[in-house]
Amino acid sequence: MQPPFKIYNTLTRKKEVFKPINPPLVGMYVCGPTVYNYVHLGNVRTFTGFDILYRYLLHLGYKVRYVRNITDVGHLVDDADDGEDKIGKKAKLDNLEPMEVVQKYTNDFHDVMNILNNKAPSIEPSATGHMIEQIKMIEDLLEKGFAYETNGSVYFDVRKYSESHEYGKLSGRNIDELLSGQRELDGQDEKRENIDFALWKKATKGHIMRWPSPWSDGFPGWHLECSVMGQKYLGKTFDIHGGGMDLKFPHHECEVAQGTACNDVEPVNYWMHANMLTVNGQKMSKSLNNSILPNELFSGNNPLLDQAYSPMTLRFAFMQAHYRSTMDISNEALKAASKGYRKMINGLRLVKGLSYSEDSAIEKDAKLNKQILSIIDSVYRGMNDDLNTAVAIAGLFNLLKKINGIHLGQIKIPALEKEVFDKMVNTYISFVEDVLGFIEEKPQNLESAIEIVLQDYKEAKEAKDYDKVDLIRGQLKVMGISVKDMKDRIEWAYDEQ
RNA sequence: GGUCGCGUGGCCGAGCGGCUAGGCAGAGGUCUGCAAAACCUUUUACAGCGGUUCGAAUCCGCUCGCGACCUCCA
């Protein structure tokens with residue numbers, strides 16, 4: 001018997017049994033990247049973490065609509081009134097159209113997601129593609145009295161909202177402290193309160209990214225897009241909203257406020273936050289100059305790394321830690337992950353080659369059967385306990401001991417009950433491949449492998465061992481490789497049939 | 001300063017009051033032409049000080065150290 005699937009809900013600060021609104025449908029929204037630069041390993045960790053959630057929900061049989069946005073406008077460099085848009089700034093810097101910037105880094109993001117075998121979301125909406133919906137939501141908020149206009153910009157009225165609702169409940173802030181604190185910043189005169197946040201900003205002269213609206217030529221505030229797109233594709237209240245821990249405040253707090261103010265319902269049932277990736281104990285972040293890019297990791301081309309590490313090594317390293325714990329990246333951790341990953345994949349290759357057999361001469365081993373079932377249980381217990389992939393992996397390694405035992409003949413397959421055997425095989429394969437999302441990284445040096453075979457071919461030919469010669473040639477042909485005996489050497493080419 | 005979180009053996013990292021986490025590294029053994037893998041056994045723990053309890057890494061308090069958010073950040 002396994003416990004039900006529980007997830008930690010930031011809103012209640014508790015692990016809660018996951019109950020979707022309309023089972024078997026599940027709606028999940030994850031804040032995607034702002035595409036003004038290459039994603040770094042910390043960004044990637046979060047998305048990989050939520051990939052596991054997506055995969056596990058699918059594994060449990062849910063029909064999941066996974067929405068992960070691309071932020072391509074509205075994310076300001078800082079919070080001052082004349083704050084520059086991140087995309088716009090980069091566009092100026094690189095002398096590109098903003099949409100070229102967006103496309104470039106969106107492509108990079110997709111490449112990285114693919115190479116890490118993260119599943120694509122069901123919908124990947126962009127902020128600029130939902131301008132009309134955003135303007136509509138601002139109008140609704142104005143109409144309901146939760147927003148006000150100043151000089152062509154529109155702000156969310158936090159004080160007003162907090163009179164009837166609890167602003168700060170997600171991130172654990174105290175509204176009075178927020179209101180009383182830090183009034184001294186300059187350039188905030190358009191806002192009634194410092195903690196009010198922009199729904200629409202009037203574009204300043206040099207601002208390239210602008211759209212017409214009832215208030216001004218301008219652009220939407222960052223927090224708005226997620227509310228709008230979440231609501232559009234998942235409903236006014238949906239099941240799960242995820243993102244990095246650093247988005248909890250103010251971004252997600254603002255989302256809660258906007259959604260609640262607009263629709264008078266709780267926008268999200270379960271808020272989930274992935275913790276930060278650290279380097280030497282400090283958060284990986286561009287401003288600290290300690291970020292590592294995926295391509296740098298895969299090539300080893302970064303001063304913090306003393307070798308290259310493969311995509312699956314990174315994935316394995318992520319999976320060995322819980323998503324809500326900070327995780328420190330280091331050469332030692334990555335090297336250990338690399339070996340662990342290979343061990344796991346070697347197991348996968350073995351287990352795929354196993355098949356059940358009966359033998360009346362061999363007695364069933366009741367203790368062993370029970371033990372295997374209990375290990376399988378531990379894998380599910382781990383995942384059901386707020387996606388504890390580290391526990392699940394530990395279980396898989398325990399299972400692997402049995403699988404290796406079978407492989408070496410120390411455990412006789414007929415000693416297992418058929419259903420135990422099947423369950424063991426299915427659990428191992430489905431968790432490694434489907435739930436944790438590992439793929440086999442095959443050696444790239446196919447050509448040198450062919451050269452080795454051809455050397456054998458050459459020797460057989462010199463020894464006039466034509467049976468062997470024909471055998472090798474035939475086997476290579478099956479692989480799509482044709483051997484060509486030249487006058488003075490042997491070559492190979494892709495078989496053209 | 002406010003809010004929250006963390007401190008586990010050589011390293012990473014689970015653990016949510018009693019029952020072997022796991023991986024990497026180390027030691028011994030089995031296997032083996034050599035090697036690798038695998039399997040078996042095994043050495044190192046819970047920041048410190050108090051308290052609660054029959055029993056605490058696990059709960060409470062204090063101290064020390066570290067981090068995140070509070071301003072853009074996954």
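Note: hydrogens, waters and symmetry copies are ignored here, and every other heavy atom, side chains too, is used.
For the atom pair Ile345(A) CD1 and Lys343(A) NZ, the distance stands at 13.5 Å (nearest 0.5 Å).
Using atom P as the reference point in both rA36(B) and rG26(B), the two lie 11 Å apart (nearest Å). Between rG67(B) and rU30(B), the distance separating the two P atoms is 49 Å to the nearest Å. Nucleotides rU44(B) and rC24(B) have their C1' atoms positioned 15 Å apart, rounded to a whole Å. rC49(B) and rG28(B) have their P atoms separated by 35 Å, with the value rounded to a whole Å. Taking atom P in both rG51(B) and rA45(B), one finds a spacing of 24 Å when rounded to whole Å. Rounded to the nearest Å, the gap between the P atom of rC64(B) and that of rG48(B) is 16 Å. Rounded to whole Å, the separation between the C1' atoms of rA27(B) and rU43(B) comes to 7 Å. Between rG5(B) and rC60(B), the two P atoms lie 11 Å apart (nearest whole Å).
Counting heavy atoms from C-beta on, the side chains of Tyr54(A) and Asn118(A) never come closer than 4.5 Å. Ser227(A) has its side chain out of reach of Pro267(A): every pair of non-hydrogen atoms, C-beta onward, lies at least 4.5 Å apart. Taking the side chain as every heavy atom from C-beta outward, Leu399(A) and Met424(A) approach each other to under 4.5 Å. Contact annotation: the side chain of Val102(A) approaches that of Met99(A) to within less than 4.5 Å [non-hydrogen atoms, C-beta and beyond]. Residues Lys352(A) and Leu348(A) meet the side-chain proximity criterion, which asks for heavy atoms closer than 4.5 Å. At a threshold of 4.5 Å between non-hydrogen side-chain atoms, the residues Asn302(A) and Leu297(A) do not count as touching.
Between Trp271(A) and His252(A), the angle of the ring planes lies from 30° to 60°, which puts this pair in the tilted group. The aromatic rings of Phe238(A) and Tyr29(A) sit tilted, their planes meeting at an angle between 30° and 60°. The aromatic rings of Phe316(A) and Phe438(A) are tilted relative to each other, their planes meeting at an angle between 30° and 60°.
Residue contacts shown for Asn174(A) are absent, as no nucleic acid heavy atom lies under 4.0 Å away. No engagement by Lys286(A) is indicated, since no non-hydrogen atom pair under 4.0 Å with the nucleic acid exists. Met344(A) comes within contact range of no nucleotide atom at all, as no heavy-atom separation falls under 4.0 Å. Across all strands shown, Ser287(A) has no heavy atoms under 4.0 Å from either base or sugar-phosphate atoms. Among the protein residues, Leu334(A) comes within range of no part of the nucleic acid, since none of its heavy atoms lies under 4.0 Å from any strand. No contact: His273(A) has no heavy atom under 4.0 Å from any strand.
Applying the ring pair (Phe, Tyr, Trp, His ring centres under 6.0 Å) rule to Tyr270(A) yields the partners Phe18(A); only residues at least two apart in sequence or on another chain are considered. Every ring pair (Phe, Tyr, Trp, His ring centres under 6.0 Å) that Phe156(A) has, sequence neighbours left out, goes to Tyr161(A), Phe197(A).
Counting only Watson-Crick and G-U wobble pairs whose two distances sit under 3.5 Å, RNA chain B takes part in these stems of three or more pairs: B:1-7 with B:64-70, B:10-12 with B:22-24, B:26-30 with B:38-42, B:47-51 with B:59-63.
For Asp246(A) and Lys283(A), the salt-bridge test passes: some basic side-chain N is under 4.0 Å from an acidic carboxylate O.
The interatomic distance linking His407(A) (NE2) with rA37(B) (C1') rounds to 9 Å, in whole Å. For the pair Ile411(A) CD1 and rU30(B) P, the interatomic distance rounds to 21 Å; values are reported in whole Å. Separating the CD atom of Glu332(A) from the P atom of rG9(B) is a distance of 13 Å, rounded to the nearest angstrom. With rounding to whole Å, Arg13(A) atom CZ is found 18 Å from rC16(B) atom C1'. Atom C1' of nucleotide rU71(B) and atom CG of Leu178(A) are separated by 13 Å, given to the nearest angstrom. rC16(B) atom C1' lies 14 Å from atom CZ of Arg381(A), rounded to whole Å. For Lys335(A) and rG26(B), the NZ to C1' distance is 17 Å, given to the nearest whole Å. Across the protein-nucleic acid pair, Tyr323(A) atom OH and rC12(B) atom C1' stand 21 Å apart, rounded to whole Å.
When Val30(A), Val268(A), Asn269(A), Leu57(A) are each tested for a side-chain contact (heavy atoms from CB on, under 4.5 Å) with Ile240(A), only one passes: Leu57(A).
For Tyr8(A) and His322(A), the side-chain atoms include no donor-acceptor pair closer than 3.5 Å.
Checking the phosphate oxygens (OP1, OP2) of rA74(B), no side-chain nitrogen or oxygen of Lys248(A) falls inside 4.0 Å. OP1 or OP2 of rC24(B) lies within a sub-4.0 Å distance of a side-chain N or O belonging to Lys343(A). One finds no side-chain N or O of Asn388(A) lying less than 4.0 angstrom from the OP1 or OP2 phosphate oxygen of rA14(B).
Taking every side-chain heavy atom of Ala336(A) into account, rG23(B) is the closest of rG13(B), rA74(B), rG23(B). Listed candidates were rC16(B), rA38(B), rA74(B). Nearest to the side chain of Lys15(A) is rC16(B).
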Legend entry - Candidate pair Asp85(A) and Arg210(A), rule salt bridge (charged side-chain N to carboxylate O under 4.0 Å, His left out), full reasoning: CA-CA 10 Å; Asp85(A) 185 279; Arg210(A) 52 172 70 209; over 6 Å; no
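The residue among Pro33(A) and Gly172(A) whose nearest nucleotide of RNA chain B is located toward the 5' end is Gly172(A). Remark on RNA chain B: of its neighbouring residues Asn346(A) and Gln320(A), the 5'-side contact belongs to Gln320(A), judged by nearest-heavy-atom nucleotide.
A heavy atom closer than 4.0 Å to some atom of RNA chain B occurs in Ala390(A), Val391(A), Ala394(A), Phe397(A), Asn398(A), Lys401(A), these being the qualifying members of residues 389-403 of chain A. The stretch residues 309-319 of chain A has no heavy atom under 4.0 Å from RNA chain B, so no residue of it qualifies as close.
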Using atom names, set out every protein N or O paired with an N or O of nucleotides 67-69 of chain B below 3.5 Å, distance rounded to 0.1 Å.
residue	atom	partner	partner atom	Å
rC69(B)	OP1	Lys283(A)	NZ	2.2
rC69(B)	O2'	Arg173(A)	NH2	2.9

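Checked against a 6.0 Å centroid threshold, the rings of Phe431(A) and His59(A) count as neighbours.
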